[in-house]
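Order of the sequence lines fixes the chain letters, A, B, ..., with proteins taken first and strands second; residue numbering starts at 1 for each chain.
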Number of protein chains: 2
Amino acid sequence: MKYIIKDLKIKGITLTPQRMAIIEFLKNNLNHPTAEDVYKALEEKYPSMSIATVYSTLELLKANGYIQELSIRKRGKACFDFTSKNHHHFLCLKCDSIIDIESECINTCPIVKAGQLEGCKVGEIQAYLYGVCSGCNKKTIKKSNKK
Amino acid sequence: MKYIIKDLKIKGITLTPQRMAIIEFLKNNLNHPTAEDVYKALEEKYPSMSIATVYSTLELLKANGYIQELSIRKRGKACFDFTSKNHHHFLCLKCDSIIDIESECINTCPIVKAGQLEGCKVGEIQAYLYGVCSGCNKKTIKKSNKK
DNA sequence: TTTAGAATTAAAATGATTTCAAATTAAGAA
DNA sequence: TTCTTAATTTGAAATCATTTTAATTCTAAA
Ligand SMILES: [Mn+2]
Ligand SMILES: [Mn+2]
Ligand SMILES: [Zn+2]
Ligand SMILES: [Zn+2]
């Protein structure tokens, strides 16, 4: 899984400094960054980097199966997940944080696998849960106590 | 469920002709229309209707729990589902059609319900599957046979 | 070292959605 | 009814994320 660099070379994909930096950042930031997050994190170290490069590199990594793109935010920005393990996501509607959920329930769902979708090829599966995280819940309780 | 009109009146929400038309359209079009779909469908009958009204009405209906907004298209438009039954969705990446999947697997998933997400309040759940629908698969087979 | 193709850049363009201020309409009071 | 006020609608402009463009720079292979 960390052989992505070697892997990309084998595939004949040019490893530019920008691409290396973006991959390195994604490796160390598994908290579902947006394209803008990546751009801002790298702009001091690589002041000339363009947001267009970030988008095109994310697209490249996605197309080659190294990252997943999540559309969990209903209208906001897309975010990215540098991980191979299959998991779900929870979005806190108060603080906008995303929490990983490890679960196989979708992949093993008998109805999805069998009954419906005959003749369909299912590739990617994303499950998004929405609500209020424990941290935000605690804050709400504190506030209501004060009143 | 069809008492939405009465329901909205009770809530004190004004029932304008535009809102009535949009609700009526959504009722009869359960194929996950986008805001633009709604707008285009109504523009001959209501030539003065603005797309801003469509968006604001969809927002109103969503906020009051009558419709669901889906972000299944990774970058494209949002689409809407006038239904109360909990179900999943499949998006064909070739023809852009959306198929309903009836399944309870997410809601009953023990890991989601128990293990993780302690202290979190989970409201909405959306599961999105991506792939190629049976119709598009057949077309692909035909093409490869011709060669 | 040369060179051709690929990648990067900054800026402009795009597309979906939201905001805005002015005009219209709904609904309750008189 | 008519008046009044607040809510809604409208069309246009603004916003925001993402993509495209064309010029420049870089990469890698000869
Ligand atoms: Mn994740
Ligand atoms: Mn549906
Ligand atoms: Zn939170
Ligand atoms: Zn299809």
Could you tell me which residues satisfy salt bridge (Lys or Arg N to Asp or Glu O under 4.0 Å) with Glu24(A), sequence neighbours excluded, listed by chain and number? none

N/O donor to acceptor pairs below 3.5 angstrom from side-chain atoms of residues 48-57 of chain A, sequence neighbours left out:
residue, atom, partner, partner atom, Å
Ser50(A), OG, Ala52(A), N, 3.0
Ser56(A), OG, Thr53(A), O, 3.3
Thr57(A), OG1, Thr53(A), O, 2.8

Can you tell me how far P of dA6(C) sits from NZ of Lys9(A), to the nearest Å? 19 Å

Using the 3.5 Å cut-off, write out each protein N or O paired with an N or O of nucleotides 9-11 of chain D and the distance between them.
residue, atom, partner, partner atom, Å
dT9(D), OP1, Thr16(B), OG1, 2.3
dT9(D), O3', Gln18(B), NE2, 2.8
dT10(D), OP1, Gln18(B), NE2, 3.3
dT10(D), OP1, Ser48(B), O, 3.0
dT10(D), OP1, Ser48(B), OG, 3.0
dT10(D), OP1, Met49(B), N, 3.4
dT10(D), OP2, Ser50(B), N, 3.0
dT10(D), OP2, Thr53(B), OG1, 2.7
dT10(D), O5', Ser48(B), O, 3.0
dG11(D), OP2, Ser48(B), O, 3.2
dG11(D), N7, Ser50(B), OG, 3.3

Whole-Å distance, Lys74(B) NZ to dA17(D) P, equals 19 Å

Lys9(A): which residues meet the salt bridge (Lys or Arg N to Asp or Glu O under 4.0 Å) condition with it, sequence neighbours left out? none

Once you round it to whole Å, what is the distance between P of dA28(D) and CG of Leu8(A)? 13 Å

Between C1' of dT25(C) and CG of Leu15(B), the distance in whole Å: 14 Å

Phe82(B) vs Tyr66(B), ring pair (Phe, Tyr, Trp, His ring centres under 6.0 Å): CA-CA, chis, key distance, verdict: CA-CA 6 Å; Phe82(B) 183 89; Tyr66(B) 298 108; 7.6 Å; no

Can you give me every donor-acceptor pair (side chain of residues 89-101 of chain A, partner residue at least two apart or in another chain, under 3.5 Å) with its distance?
residue, atom, partner, partner atom, Å
His89(A), NE2, His32(A), NE2, 3.1
His89(A), NE2, Asp81(A), OD2, 3.0
His89(A), NE2, His87(A), NE2, 2.9
His89(A), NE2, Asp100(A), OD1, 3.0
Asp96(A), OD1, Arg73(A), NE, 3.0
Asp96(A), OD2, Arg73(A), NE, 3.1
Asp96(A), OD2, Arg73(A), NH2, 3.1
Asp100(A), OD1, His32(A), NE2, 2.9
Asp100(A), OD1, His87(A), NE2, 2.9

Output the rounded distance in Å from NZ (Lys40(A)) to P (dC16(D)). 12 Å

Atom-pair distance (CG on Leu42(A); P on dT8(C)), nearest Å: 13 Å

With a 4.0 Å limit, can you tell me whether Tyr55(B) has a side-chain N or O closer than that to the phosphate oxygens OP1/OP2 of dT17(C)? yes

Side-chain N or O of Arg75(A) less than 4.0 angstrom from OP1 or OP2 on dT18(C)? yes

Which residues satisfy the salt bridge (Lys or Arg N to Asp or Glu O under 4.0 Å) test with Lys74(A), sequence neighbours excluded? Glu124(B)

Whole-Å distance between dA28(D) P and Ile10(A) CD1? 15 Å

Nearest-Å distance, CD (Glu59(B)) to P (dA7(D))? 18 Å

State whether Glu59(B) and Arg75(A) are salt-bridged, where the test is any N-O pair (Lys NZ or Arg NE/NH1/NH2 against Asp/Glu carboxylate O) under 4.0 Å. yes

If you assign Thr14(B) and Ala35(B) each to the DNA chain C nucleotide with the nearest heavy atom, which residue ends up on the more 5' nucleotide? Ala35(B)

